[in-house]
2 protein chains.
Amino acid sequence: MALPLIRKFENYVQLSDIEKRSLMQAEAHIQDVEARCDIIRERQEIEGATLVLEGFACRYRLLPDGRRQILGYMLPGDMCDPRIFLLDRMDHSIATISRTKIAIWPRKSVLGLTSLHPRITRAFWWCTLVDEGIAREWLVSLGQRTALERLAHLICELYHRLKAIDLVTANGFDFPVTQAELGDTLGLSAVHVNRTLQDMRRERLVRLAGRRLTVLNLEALSTIAMFNPDYLRLGRTRAARPVGRREKAE
Amino acid sequence: MALPLIRKFENYVQLSDIEKRSLMQAEAHIQDVEARCDIIRERQEIEGATLVLEGFACRYRLLPDGRRQILGYMLPGDMCDPRIFLLDRMDHSIATISRTKIAIWPRKSVLGLTSLHPRITRAFWWCTLVDEGIAREWLVSLGQRTALERLAHLICELYHRLKAIDLVTANGFDFPVTQAELGDTLGLSAVHVNRTLQDMRRERLVRLAGRRLTVLNLEALSTIAMFNPDYLRLGRTRAARPVGRREKAE
DNA sequence: CGACTATTTGATAGGACTCAACCTCCGTGG
DNA sequence: CCACGGAGGTTGAGTCCTATCAAATAGTCG
């Protein structure tokens with residue numbers, strides 16, 4: 001059941017068949033969740049690690065007055081947080097964007113995997129590093145980039161992440177995010193997202209219709225966004241490992 | 001030499017004397033750095049873990065056209081990243097704000113500590129969790145909060161973090177950050193930071209003069225910022241541990 | 001005291017927001 | 001099969017928050 005996760009892990013480490021099998025067979029509750037439902041709520045006690053198998057989800061935080069900031073998107077293969085053995089409660093919520101299939105790994109299941117397989121542990125750490133890289137990039141977007149640049153950057157990010165899990169076909173992908181949600185992601189109003197999107201269409205950068213986003217000019221989009229995909233570490237295992245530096249320890 | 005770090009760790013875990021001694025005696029290069037110098041540059045190879053002992057530093061990222069976003073502040077006891085054994089290169093830079101004393105732990109020194117002392121490892125993970133919590137809070141600020149709210153939130157964050165390491169006296173602290181740097185932190189222009197700061201002075205929220213920031217009304221500041229310090233996990237070990245949940249493993 | 005660097009002030013412009021209405025697409029149900 | 005309703009998308013008008021540019025003032029350090 002953990003196929004998308006394994007594919008993701010293989011960006012960071014090489015897994016043995018035994019490790020793959022352990023991941024596939026780890027105890028997990030599979031669950032289908034409707035679109036726009038909370039999977040985990042802020043302050044809720046953490047029971048296990050949540051893994052997205054299909055669909056889009058997002059992390060978000062609400063301010064007391066109702067303003068919402070989306071903190072990141074979770075695509076197939078993404079996990080809420082492997083460090084569940086430390087945290088007792090969530091400090092943000094996770095909700096589905098589209099209809100989603102998730103797996104919930106009980107705490108002990110994760111602990112079992114990590115204590116038996118150092119390479120799996122290592123892959124988990126990699127995930128946290130990449131997530132942090134993404135968060136940093138979002139900080140740069142929200143702090144420095146204009147509306148057009150932000151939107152372009154987000155599209156580039158999702159394009160690359162989805163491509164890495166073979167969810168891009170004909171330069172396009174399923175994109176269930178509403179303009180209101182994009183607004184909460186990019187720190188913009190839905191109206192302004194709409195107008196920015198129209199600019200992009202006018203410039204033949206993207207086509208967006210019927211929940212499908214097609215990238216018409218990735219080059220131009222990347223330039224506008226000042227996008228560099230390195231931080232996503234999608235280069236397949238080899239490229240991601242240090243070169244010319246022998247290291248043994250864990 | 002690692003005193004501020006030990007104090008910080010004790011927010012998250014209880015350390016034995018042996019562990020404290022190991023931290024104190026770990027091989028480290030102590031170094032003084034001028035104000036406004038890069039300690040680590042983007043793309044630079046990582047040699048070890050950098051620990052701030054005295055002074056202010058910050059992480060930042062530059063866009064090709066010169067725009068800069070500050071990603072976080074590093075105060076005494078803060079480390080650049082304990083996960084250096086994974087990463088080969090930095091994807092952002094670290095610079096001093098004030099004159100700073102730092103310690104650089106060689107890779108093997110960190111690996112030694114973590115392999116011998118699981119509680120130290122655990123404390124390291126806690127640090128990464130808190131850093132991520134801070135980053136999330138910044139995302140909310142940049143995405144949703146107004147200039148006044150952002151500034152108020154940042155001041156609250158720094159107040160609490162500095163208080164936890166006894167660097168707050170008479171409700172004030174040394175604050176070497178320029179208004180231009182605040183602008184790069186909050187996604188605002190320096191001019192607008194200046195005006196916002198004046199609003200705060202007018203409202204008797206803070207006093208800021210001669211590199212010293214005094215919080216005159218923390219209550220009001222926290223309300224404006226919608227600030228809740230929980231995410232900093234400064235509650236001293238007991239409060240930070242889960243209640244009513246026995247757990248043994250790592 | 002001079003040369004910077006940092007802060008402050010004023011004037012003007014513009015990006016993004018709000019409000020409000022209207023349109024479009026779909027799924028539901030009569 | 002078409003009317004209805006709601007969610008999401010689009011448009012227009014007016015406003016406000018924040019940026020820019022420019023210049024003056026205050027601080028700091030050798």
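Bear in mind that the values here come from a model prediction, so they are computed numbers and not experimental data.
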Between G210(A) and R150(A), who's closer to the 5' end of DNA chain C by nearest nucleotide?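 Closest to the 5' end, via its nearest nucleotide, is R150(A).
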Tell me: [atom1] of [X] to [atom2] of [N], nearest whole Å?
{"X": "D199(B)", "N": "dC17(D)", "atom1": "CG", "atom2": "P", "value": "11 Å"}
{"X": "L197(A)", "N": "dG8(D)", "atom1": "CG", "atom2": "P", "value": "15 Å"}
{"X": "R36(B)", "N": "dT5(C)", "atom1": "CZ", "atom2": "P", "value": "11 Å"}
{"X": "L186(A)", "N": "dC17(C)", "atom1": "CG", "atom2": "P", "value": "10 Å"}
{"X": "R145(B)", "N": "dC17(D)", "atom1": "CZ", "atom2": "C1'", "value": "18 Å"}
{"X": "L148(A)", "N": "dG14(C)", "atom1": "CG", "atom2": "C1'", "value": "16 Å"}
{"X": "L182(B)", "N": "dT7(C)", "atom1": "CG", "atom2": "P", "value": "8 Å"}
{"X": "H192(B)", "N": "dC21(D)", "atom1": "NE2", "atom2": "C1'", "value": "16 Å"}

Within the structure shown, what part of the strands sits under 4.0 Å from G187(B) by heavy-atom distance: base, sugar-phosphate, or nothing?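 Contact class for G187(B): sugar-phosphate only.
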Looking at every strand, decide which applies to A147(B) at a 4.0 Å heavy-atom threshold: base, sugar-phosphate, or nothing.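 Since only primed, P, OP1 and OP2 atoms lie under 4.0 Å of A147(B), the category is sugar-phosphate.
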Closest to the [X] side chain, choosing from [options]:
{"X": "N194(A)", "options": "dA16(C), dG9(D), dT8(C)", "result": "dG9(D)"}
{"X": "R211(A)", "options": "dG9(D), dT18(D), dT20(D)", "result": "dG9(D)"}
{"X": "Q179(B)", "options": "dT8(C), dT11(D), dT18(D)", "result": "dT8(C)"}
{"X": "S189(B)", "options": "dT20(D), dT8(C), dT10(D)", "result": "dT20(D)"}
{"X": "L188(B)", "options": "dG9(D), dT18(D), dA16(C)", "result": "dT18(D)"}
{"X": "R195(A)", "options": "dT10(D), dG9(D), dA13(D)", "result": "dA13(D)"}
{"X": "R201(A)", "options": "dC21(D), dT10(D), dA16(C)", "result": "dT10(D)"}
{"X": "V191(B)", "options": "dT18(D), dT20(D), dT7(C)", "result": "dT20(D)"}

Below the 4.0 Å mark, does dG9(D) have OP1 or OP2 next to a side-chain nitrogen or oxygen of Q198(A)?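 No, outside the criterion.
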Under a 3.5 Å cut-off on both pairing distances, which runs of 3 or more consecutive Watson-Crick or G-U pairs involve DNA chain D?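 Paired runs of 3+ in DNA chain D: C:1-30 with D:1-30.
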Between D230(A) and R89(B), does any NZ, NE, NH1 or NH2 come within less than 4.0 Å of an OD or OE carboxylate oxygen?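 Salt bridge: no.
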For W105(A) and M79(A), what are the C-alpha separation, side-chain angles and deciding distance, and is it a side-chain contact (heavy atoms from CB on, under 4.5 Å)? CA-CA 10 Å; W105(A) 280 347; M79(A) 269 181 92; 4.1 Å; yes
So, S98(B) and R211(B): side-chain donor and acceptor under 3.5 Å apart, yes or no?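 No donor-acceptor contact under 3.5 Å links the two side chains.
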Using distance only, find each side-chain donor-acceptor pair of residues 163-176 of chain A under 3.5 Å and give its atom names and separation, not counting sequence neighbours.
unit_1  : atom_1 : unit_2  : atom_2 : d
T169(A) : OG1    : R212(A) : NH2    : 3.4
N171(A) : OD1    : Y159(A) : OH     : 2.7

For R150(B), the option from V140(B), L182(B), L188(B) that meets side-chain contact (heavy atoms from CB on, under 4.5 Å):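 Running side-chain contact (heavy atoms from CB on, under 4.5 Å) over V140(B), L182(B), L188(B) with R150(B) returns exactly one hit, L188(B).
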Could you go through residues 61-70 of chain B and list every donor-acceptor pair under 3.5 Å that involves a side-chain atom there, pairing it with any protein atom two or more places apart or in another chain?
unit_1 : atom_1 : unit_2  : atom_2 : d
R61(B) : NE     : E137(A) : OE1    : 3.4
R61(B) : NH1    : E42(B)  : OE2    : 3.2
R61(B) : NH2    : E137(A) : OE1    : 3.3
R61(B) : NH2    : E137(A) : OE2    : 3.1
D65(B) : OD1    : R67(B)  : N      : 3.3
D65(B) : OD1    : R67(B)  : NE     : 3.4
D65(B) : OD2    : R67(B)  : NE     : 2.9
D65(B) : OD2    : R67(B)  : NH2    : 2.8
R67(B) : NH1    : Q144(A) : O      : 2.7
R67(B) : NH1    : E149(A) : OE1    : 2.8
R67(B) : NH2    : E149(A) : OE1    : 3.4
R67(B) : NH2    : E149(A) : OE2    : 3.1
R68(B) : NE     : D184(B) : OD2    : 2.9
R68(B) : NH2    : D184(B) : OD2    : 3.1
Q69(B) : OE1    : Q144(A) : NE2    : 2.9
Q69(B) : NE2    : D184(B) : O      : 3.2
Q69(B) : NE2    : T185(B) : O      : 3.0

Just by modelled atom types, is the A225(B) backbone N or O under 3.5 Å from a matching donor or acceptor in the R145(B) side chain?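 Answer holds: yes.
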State, with a plain yes or no, whether a side-chain heavy atom of L154(A) is found less than 4.5 Å away from one of Y73(A).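 They are in contact (side-chain heavy atoms under 4.5 Å apart), so the answer is yes.
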